[in-house]
Amino acid sequence: MLQGKTLVITGASSGIGAATAALATSYGAQVIAVDINRPAQAAGEFIQADLSDRASIDQLIGRLPSSIDGLANIAGLPPTRPAADVIKVNLLGLKHLTTQLVPKLSDGASIVNLASLAGLGWPQSKQAIEASETLAPQDVEAFCKLHGIDGARSYFFSKEALIVWTMQNRWTWRERGIRMNAVSPGPVDTPILKDFLQTLGARAEQDMRTMDRPGQPSDIAPVVCFMLSDRSAWIRGTNIPTDGGMFADVQLQMNGFH
Ligand SMILES: NC(=O)c1ccc[n+]([C@@H]2O[C@H](COP(=O)([O-])OP(=O)(O)OC[C@H]3O[C@@H](n4cnc5c(N)ncnc54)[C@H](O)[C@@H]3O)[C@@H](O)[C@H]2O)c1
């Protein structure tokens, strides 16, 4: 499905990113894995980069080849980390990497952003999301203070803003056939899961009772690979819930259905 494609996959040293890199490789892609941490076993090419740091991202861009067929933005920090760091990695770093990489993307390339079910509340965050559009890394702390984004809220906000940015880019590079979509997992059994359970407390316990099981990275990786492939060429600016039915459940409950 991905034969002959060169793909950049961030967050590839753990969890969903590692599973996606392995699956994409098995589908015939040449994967360039990016992460702040070295993987336990490097299957293909690995470039170390810190996505909270623009200089590190710019160095990464310089090291990447000039023709890339897909970018999977999977790296992310959990809600237990400092609010400013979460926004720098999950939102600002992701956007900087993506926009700087566009000149190196081939026509028809696919960009896939790992958002989350946690981003579901984006319609209620219009003001802060719009204010974040021009946010610079040095202003993140002041921004969080101004908009009351502290603690775990930063994670939710980063995913809300990412879903909106994905939709806004539905046609940005349309004349070159480059498209952007998001995939939104529910709770997935990776090192981040314990952070979610810790942050959400009783609500997470309720969610886990509603679900038959948490997701596995292997539930998410095929969806990301499909979105990176030419088979999904007419899917643009969407956010695909991949969550064992949780999105449907929340939507129905919010709107008074069973
Ligand atoms: N696990 C879940 O329940 C869940 C649910 C919804 C969305 N997600 C999202 O899926 C993505 C992958 O998460 P995961 O569950 O596989 O977690 P994970 O912790 O296993 O993987 C995250 C990866 O991102 C890397 N990373 C963190 N900060 C970085 C930085 N500054 N620069 C470069 N790399 C960095 C980490 O080193 C790690 O390898 C994240 O964006 C997360 O928000 C996860």
Side-chain angles (χ1 to χ4, degrees), residues 8-11 13 17 34-37 47-64 71-105 111-173 178 180-184 192 195-196 198-200 237 239:
V8 174
I9 300 181
T10 75
S13 294
V34 173
D35 205 291
I36 195 168
N37 293 318
I47 303 181
Q48 197 162 21
D50 177 359
L51 298 179
S52 70
D53 175 11
R54 284 197 173 183
S56 178
I57 296 173
D58 294 341
Q59 265 178 16
L60 163 68
I61 305 268
R63 292 180 62 187
L64 290 171
L71 166 66
N73 284 313
I74 302 182
L77 285 179
T80 46
R81 299 292 291 273
D85 292 353
V86 171
I87 294 197
K88 281 183 198 162
V89 174
N90 295 12
L91 188 61
L92 301 195
L94 181 156
K95 285 165 80 168
H96 187 67
L97 171 63
T98 306
T99 50
Q100 296 307 301
L101 198 61
V102 166
K104 287 194 167 188
L105 293 181
I111 302 163
V112 182
N113 299 324
L114 251 288
S116 171
L117 190 61
L120 177 78
W122 63 264
Q124 283 81 53
S125 301
K126 185 167 185 281
Q127 203 189 2
I129 291 173
E130 284 182 345
S132 74
E133 281 166 11
T134 51
L135 181 61
Q138 65 273 19
D139 299 326
V140 170
E141 260 117 29
F143 170 85
C144 288
K145 216 168 171 186
L146 184 67
H147 292 279
I149 297 170
D150 55 4
R153 173 74 195 125
S154 65
Y155 182 83
F156 286 71
F157 177 76
S158 72
K159 299 301 186 183
E160 290 166 1
L162 180 57
I163 290 169
V164 171
W165 191 64
T166 302
M167 293 191 287
Q168 287 173 327
N169 281 307
R170 61 207 178 283
W171 294 324
T172 309
W173 310 281
I178 297 173
M180 177 184 280
N181 291 286
V183 172
S184 276
I192 279 185
D195 295 90
F196 289 121
Q198 186 183 328
T199 309
L200 295 175
N239 175 34

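Values below: every heavy atom of this structure, side chains too, minus hydrogens, waters and symmetry copies.
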Leu97 pairs by side-chain contact (heavy atoms from CB on, under 4.5 Å) with which of Asp58, Val34, Leu71?
->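 Answer after filtering Asp58, Val34, Leu71: Leu71.
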Please check if the side chain of Arg170 supplies one atom and the backbone of Gln168 the other of a donor-acceptor pair under 3.5 Å.
->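 Yes, because the side chain of Arg170 sits within donor-acceptor range (under 3.5 Å) of the backbone of Gln168.
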Can any side-chain N or O of Ser52 pair as donor or acceptor with the backbone N or O of Lys88 at less than 3.5 Å?
-> no
All side-chain contact (heavy atoms from CB on, under 4.5 Å) counterparts of Glu130, not counting sequence neighbours = Lys126, Glu133
Not counting sequence neighbours, which residues clear side-chain contact (heavy atoms from CB on, under 4.5 Å) with Asp150? List them please.
-> none
Taking it one step at a time, do Asp195 and Tyr155 satisfy side-chain contact (heavy atoms from CB on, under 4.5 Å)?
-> CA-CA 11 Å; Asp195 295 90; Tyr155 182 83; over 6 Å; no
Check step by step if side-chain contact (heavy atoms from CB on, under 4.5 Å) holds for Thr98 and Asn169.
-> CA-CA 11 Å; Thr98 306; Asn169 281 307; over 6 Å; no
Please name the pair of heavy atoms, one in [X] and one in [Y], separated by the smallest distance, quoted to 0.1 Å.
{"X": "Asn90", "Y": "Leu77", "answer": "OD1-N, 2.8 Å"}
{"X": "Asn37", "Y": "Asp35", "answer": "N-OD1, 2.9 Å"}
{"X": "Ile36", "Y": "Gln48", "answer": "O-NE2, 2.9 Å"}
{"X": "Ser184", "Y": "Ile163", "answer": "OG-CD1, 4.0 Å"}
{"X": "Val86", "Y": "Ser154", "answer": "CB-OG, 3.5 Å"}
{"X": "Asn181", "Y": "Gly237", "answer": "OD1-N, 3.0 Å"}

Can you sort out the partners of [X] under side-chain hydrogen bond (donor to acceptor under 3.5 Å, both in side chains), two or more places apart, ordered by chain and number?
{"X": "Thr199", "answer": "none"}
{"X": "Lys145", "answer": "none"}
{"X": "Ser56", "answer": "none"}
{"X": "Glu141", "answer": "none"}

Within-4.5 Å side-chain heavy-atom neighbours: [X] and [Y]:
{"X": "Gln198", "Y": "Thr80", "answer": "yes"}
{"X": "Val140", "Y": "Leu135", "answer": "yes"}
{"X": "Ser158", "Y": "Leu162", "answer": "no"}

Counterpart residues, ring-ring contact (aromatic ring centres under 6.0 Å, His included), relative to Phe143 (two or more places apart) | His147, Phe157
Rounded to the nearest 0.5 Å, what separates atom [atom1] in [X] from atom [atom2] in [Y]?
{"X": "Gln124", "Y": "Ile129", "atom1": "CD", "atom2": "CD1", "value": "9.5 Å"}
{"X": "Leu91", "Y": "Ser132", "atom1": "CG", "atom2": "OG", "value": "5.5 Å"}
{"X": "Met180", "Y": "Thr172", "atom1": "CE", "atom2": "OG1", "value": "7.0 Å"}

Which pairs would a plain distance check flag for residues 113-122, meaning a side-chain donor or acceptor within less than 3.5 Å of a matching protein atom at least two apart in sequence or in another chain?
from   : atom 1 : to     : atom 2 : distance (Å)
Asn113 : OD1    : Asn73  : ND2    : 2.9
Asn113 : ND2    : Thr166 : OG1    : 3.1
Ser116 : OG     : Ala118 : N      : 2.9

Which pairs pass salt bridge (Lys or Arg N to Asp or Glu O under 4.0 Å) with one or both residues in residues 153-169, sequence neighbours excluded?
-> Arg153-Glu160
Scan for salt bridge (Lys or Arg N to Asp or Glu O under 4.0 Å) pairs involving residues 93-102, sequence neighbours excluded, and state none if there are none.
-> none
Could you please spell out the steps behind the side-chain contact (heavy atoms from CB on, under 4.5 Å) verdict for Leu105 and Ile111?
-> CA-CA 9 Å; Leu105 293 181; Ile111 302 163; 3.8 Å; yes
Using a cut-off of 6.0 Å, state whether more than 12 heavy atoms not belonging to Arg54 lie near its atom CZ.
->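 Enclosed: over 12 neighbouring heavy atoms sit under 6.0 Å from CZ of Arg54.
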Kindly check if the number of other-residue, nucleotide or ligand heavy atoms within 6.0 Å of CD (Gln127) is above 12?
-> no
Quick one: ring-ring contact (aromatic ring centres under 6.0 Å, His included) pairs with a partner in residues 81-102, sequence neighbours left out?
->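 Those involving residues 81-102 do not exist here.
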Any residue meeting salt bridge (charged side-chain N to carboxylate O under 4.0 Å, His left out) with Lys104, in chain and number order, not counting sequence neighbours |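 Residues passing salt bridge (charged side-chain N to carboxylate O under 4.0 Å, His left out) with Lys104: none at all.
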Full working for side-chain contact (heavy atoms from CB on, under 4.5 Å) between Leu94 and Leu51 = CA-CA 7 Å; Leu94 181 156; Leu51 298 179; over 6 Å; no
